[in-house]
Amino acid sequence: MIAHVQVACVLREAVRAPYTNLVTRPTGVLVRRHIEATLEAGAPRVTVLDFTNIALLDCSCADEIVVKLAFGVDGVAARPIVLRGLREDQREAIDYVLMRCGTAVTAVDGLDDESVGPLDPALHRLLADALTRADEAEG
Amino acid sequence: MTRVVEIPTSFDDRAMDQFAAAIGPWPAEGRLLFDARSAAWASPYGLIAMLTAGQVLKEAGAEKPFFTVPANADVAGYWARMQFFEHAAEFFELHGKVPRGRAGGSDALLETTCIRAAEDVHGAVERVSSGATRILVSDLGLQSPAAMGFSMALSEACQNIVEHAGTSGWVAAQAYTYRRRLGGRRVVVIAVSDGGVGFRRSLEAQQARKFGDRWRDGTAIESALVHAVSRFRDPGRGQGLGFIGKYVSRWDGKISVRSGTARLALVPGWDDEEPLAEQLPFFPGAQVQVTIPGVATVSA
């Protein structure tokens with residue numbers, strides 16, 4: 001139902017190099033395709049992208065990974081994305097590239113996470129419950 | 001016939017037009033001699049502009065130009081530590097005493113570095129990231145997001161070479177003190193240069209018809225820098241320069257883009273450059289400089 005993606009792990013697997021910076025468009029494309037392949041297998045309703053341990057996120061990777069996962073490569077498809085572990089500069093990069101979609105990163109009520117894409121009230125409740133349970137289990 | 005190209009004594013972005021004029025029309029005719037004996041200083045912008053000129057001449061099949069090394073040992077030593085001569089030897093026949101440049105031996109944020117592919121951008125960002133944070137926060141008194149933004153700006157500027165230039169290019173970054181401008185404040189500077197197709201040719205297929213007679217180097221730079229226009233159909237493209245513009249505005253910085261015969265700059269209050277300069281002496285490709293001033297002043 002909810003897919004958790006550790007972006008730093010995907011980056012290491014996708015580029016087969018010890019990079020911690022999500023920079024350049026080819027890198028963003030590789031990472032997105034890895035994530036899409038994982039999501040296609042599970043067909044989750046919500047995807048949590050965890051940016052913990054990512055040092056730098058540039059606009060190219062913000063566009064390739066967050067925007068194109070949320071709105072599709074063609075800009076038509078829509079997938080709810082929850083963003084976790086973002087720093088201020090990373091959030092700014094994502095917000096900057098989201099401007100062309102007429103949207104922005106928004107906070108998920110009651111959680112530290114933020115979201116991009118269609119998150120209707122029912123999906124929001126489902127997400128909040130599931131993430132709260134997961135946090136309690138970890139804690 | 002050998003023609004002498006005088007290297008500006010103090011070669012920074014403001015001396016670029018003088019350098020371009022000294023080279024003359026492209027493709028340059030005859031064998032050139034780049035005379036740097038009187039050079040007293042060169043910024044990262046100046047160093048990579050010289051490398052760009054040499055690279056373009058080589059790619060055009062011109063006879064390998066001569067290059068005379070600065071007579072001042074300190075100046076030549078700095079250029080060597082910036083890895084300038086290491087790269088220049090590929091494009092120029094060097095004359096004079098060339099000091100040895102040890103990799104990592106300079107205090108630069110990033111020595112002159114060739115950008116050919118996305119891997120090179122990764123390498124440049126990895127190298128600059130830790131140094132940028134230390135210098136921007138400790139030395140210049142800026143906040144941490146400014147340091148992260150600096151590395152992002154470097155990444156975006158370098159990617160323009162890989163995606164648009166059609167050839168390889170150069171990047172260098174350095175922190176130094178503005179003695180005349182900014183009342184002695186420290187600044188960090190990123191300089192990026194390539195000798196590729198330039199903004200006008202890169203965007204011509206999509207934009208030229210829209211602008212008609214007004215389509216020239218200046219309008220092409222404006223399309224990319226101000227309106228985020230890209231030659232790609234993907235609407236997610238073309239945002240890199242726009243992001244740099246937003247970043248420099250937030251931190252009272254400056255971005256200057258020169259391509260062909262024009263230069264467009266987003267000019268902060270502390271600088272007196274004209275926002276748009278046209279009909280400049282032609283220089284191939286594109287040259288970008290990003291300048292971020294610090295908060296702290298340096299005592300003389």
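Letters go in sequence order (proteins before strands), and every chain restarts at 1.
- Using a 4.0 Å cut-off between a side-chain N of Lys or Arg and a carboxylate O of Asp or Glu, R250(B) and E88(A) qualify as a salt bridge.
- With a 4.5 angstrom heavy-atom cutoff, A62(A) does not touch chain B via any of its atoms.
- Chosen from A153(B), S151(B), G240(B), the residue pairing most often with chain A at heavy-atom distances under 4.5 Å is S151(B).
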- Task: Mind running salt bridge (Lys or Arg N to Asp or Glu O under 4.0 Å) on K58(B) and E90(B) for me, showing each step along the way?
- Result: CA-CA 9 Å; K58(B) 182 181 180 182; E90(B) 186 185 341; 3.2 Å; yes
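- Heavy-atom pairs under 4.5 Å with chain B peak, among L57(A), D58(A), D89(A), at D58(A).
- In this structure, chain A has heavy atoms under 4.5 Å from both the backbone and the side chain of E126(B).
- Smallest separation of non-hydrogen atoms from V67(A) and V97(A): CG2-CG2, 3.6 Å.
- In this structure, the portion of R87(A) lying under 4.5 Å from any heavy atom of chain B is its side chain and not its backbone.
- F243(B) and Y247(B) have parallel rings, their planes meeting at less than 30° on a 0 to 90° scale where 60° marks the start of perpendicular.
- Proximity to chain A is limited to the side chain of S129(B), based on heavy atoms less than 4.5 angstrom apart.
- The pair K68(A)-D63(A) counts as a salt bridge, with a side-chain nitrogen and a carboxylate oxygen less than 4.0 angstrom apart.
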